[in-house]
Amino acid sequence: MEVRLDEPWPTTVAEAVALQERLRHRVSAVDSRPGPVRTVAGVDVAYDRDSSRIAAAVVVLDYTTLEVVQTSTALSTATFPYEPGLFAFRELPAVVEALRGLSVDPDLLVCDGHGLAHPRRFGLACHLGVLTGIPTFGVAKTVFIGEFAPPATRRGSWSPLIVDTDVVGAALRTRSGVKPVFVSVGHRISLDTAREHTLTLCTQYRLPETTRQADRLSRTTLIEHTGPDGSGAT
DNA sequence: GCGACAG
DNA sequence: ATCTTGTCGC
């Protein structure tokens with residue numbers, strides 16, 4: 001698929017923050033997709049020991065059967081350092097490259113991280129959504145910002161993730177008796193819809209099949225090209 | 001000023 | 001994210 005970057009990718013913290021402040025206003029937290037979701041894609045990135053090499057993977061699944069429709073990967077180098085709140089600048093370049101390898105545009109994107117549940121309301125999921133224009137949401141394993149009451153222990157139970165007076169996401173129990181995940185809007189989707197999709201995608205494990213598949217593919221791709229020890233021999 | 005801090 | 005053994009519990 002086609003993904004345009006328009007501007008040079010930020011290289012400093014100041015530039016990155018400025019870009020987030022400028023793009024945050026483009027985010028829509030309203031459902032925009034007319035028809036049914038046919039395909040959903042998960043994206044993730046794996047790093048080697050010293051983060052010198054990274055591998056991004058995108059796995060497109062049939063939304064109904066959850067079977068793999070297509071995959072794409074991209075090998076790259078981490079340029080931006082890990083900085084809480086600026087996660088997108090570290091991972092998205094490789095993710096965009098992988099997305100460009102797809103011959104079909106997914107109907108929905110699922111990120112491994114937060115969207116609106118971010119200090120400037122512009123986490124990884126929002127950024128990717130704005131770049132692609134595709135409905136996107138994030139499912140994170142841990143909280144970043146916000147407070148929440150522990151949801152009931154039953155699968156499907158949830159409680160709002162709140163910052164000040166804003167609901168920025170949801171703590172959702174995807175498996176009974178298991179730690180909740182944190183769902184938040186990325187772009188062109190509502191929190192309710194994102195939550196429902198998350199449950200649909202969590203058939204057997206705490207995390208959505210999309211991120212599990214993408215996680216696995218990014219990891220194996222990295223090892224195939226850099227070796228289990230990061231020697232680069234293969 | 002001191003921690004906390006997606007992956 | 002990644003480095004890592006055993007261990008508690010269903």
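Naming convention: chains lettered A, B, ... in sequence-line order (proteins, then strands); numbering from 1 in each chain. Below, each value reflects all heavy atoms present in this structure, side chains not excepted, and no hydrogens, waters or symmetry copies.
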**Q** Does A/F87 stack onto the base of B/dA6, taking stacking as ring centres under 5.5 Å apart and planes under 30° apart?
**A**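 One would not call A/F87 stacked on the B/dA6 base.
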**Q** Looking for any heavy atom pair under 4.0 Å, which part of the strands does A/L86 touch: base, sugar-phosphate only, or nothing?
**A**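 The residue A/L86 makes base contact.
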**Q** Only Watson-Crick and G-U wobble pairs with both distances less than 3.5 Å should count. Give DNA chain B in dot-bracket notation, marking inter-strand partners with |.
**A** .......
**Q** Identify, residue by residue, the members of residues 114-140 of chain A with a heavy atom below 4.0 Å from DNA chain B, and return them in order of residue number, or none.
**A**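 A/H114, A/H118, A/G123, A/L124, A/A140, in order of number.
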**Q** Of the nucleotides B/dC5, C/dA1, C/dC3, which one has an atom closest to the side chain of A/K141?
**A**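 So the side chain of A/K141 is nearest to C/dA1.
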**Q** Using a cut-off of 4.0 Å on non-hydrogen atoms, how would the nucleic acid contact of A/Y47 be classed: base, sugar-phosphate, or nothing?
**A**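 It contacts sugar-phosphate atoms only.
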**Q** Taking side-chain hydrogen bond (donor to acceptor under 3.5 Å, both in side chains) as the cut-off, I'd like each qualifying pair that reaches into residues 95-106 of chain A, sequence neighbours left out, listed once.
**A**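 Those involving residues 95-106 of chain A are A/Q70-A/S103.
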**Q** Run through DNA chain C and report every stem of 3 or more consecutive Watson-Crick or G-U pairs, distances under 3.5 Å, ordered by first number.
**A**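 The stems: there are none.
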**Q** Should the pair A/R219-A/D44 be classified as a salt bridge under the 4.0 Å nitrogen-to-oxygen rule?
**A**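 No, this pair does not count.
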**Q** Where the side chain of A/R206 meets the backbone of A/P180, is there a donor-acceptor pair that is under 3.5 Å apart?
**A**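 It does hold such a pair.
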**Q** Looking at A/R212 and A/D215, is any side-chain nitrogen of the basic one under 4.0 Å from a carboxylate oxygen of the acidic one?
**A**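 No, this pair does not count.
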**Q** Are A/T132 and A/H187 close enough that some pair of their side-chain heavy atoms sits under 4.5 Å apart?
**A**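 When only atoms from C-beta onward are counted, A/H187 and A/T132 do not touch, as no gap falls below 4.5 Å.
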**Q** I want to check one thing: is the phosphate of C/dT2, taken as OP1 and OP2, less than 4.0 Å away from some side-chain N or O of A/R219?
**A**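 The answer is yes; a side-chain N or O of A/R219 sits under 4.0 Å from OP1 or OP2.
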**Q** So, is A/S51 close to the C/dT2 phosphate, meaning a side-chain N or O under 4.0 Å from OP1 or OP2?
**A**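 For C/dT2, OP1/OP2 do not have a side-chain N/O of A/S51 under 4.0 Å.
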**Q** Keeping A/T220 on the side-chain end and A/R216 on the backbone end, is there a donor-acceptor pair under 3.5 Å?
**A**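 Checked: pair present.
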**Q** Can you pull the side-chain hydrogen bond (donor to acceptor under 3.5 Å, both in side chains) pairs that have at least one residue in residues 5-25 of chain A, sequence neighbours excluded?
**A**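 Sorted result for residues 5-25 of chain A: A/E7-A/R22, A/T11-A/E15, A/Q20-A/R120, A/E21-A/R24.
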**Q** Sorted by first residue and then second, give each side-chain hydrogen bond (donor to acceptor under 3.5 Å, both in side chains) pair with at least one member in residues 163-185 of chain A; sequence neighbours left out.
**A**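 Not a single pair qualifies under side-chain hydrogen bond (donor to acceptor under 3.5 Å, both in side chains).
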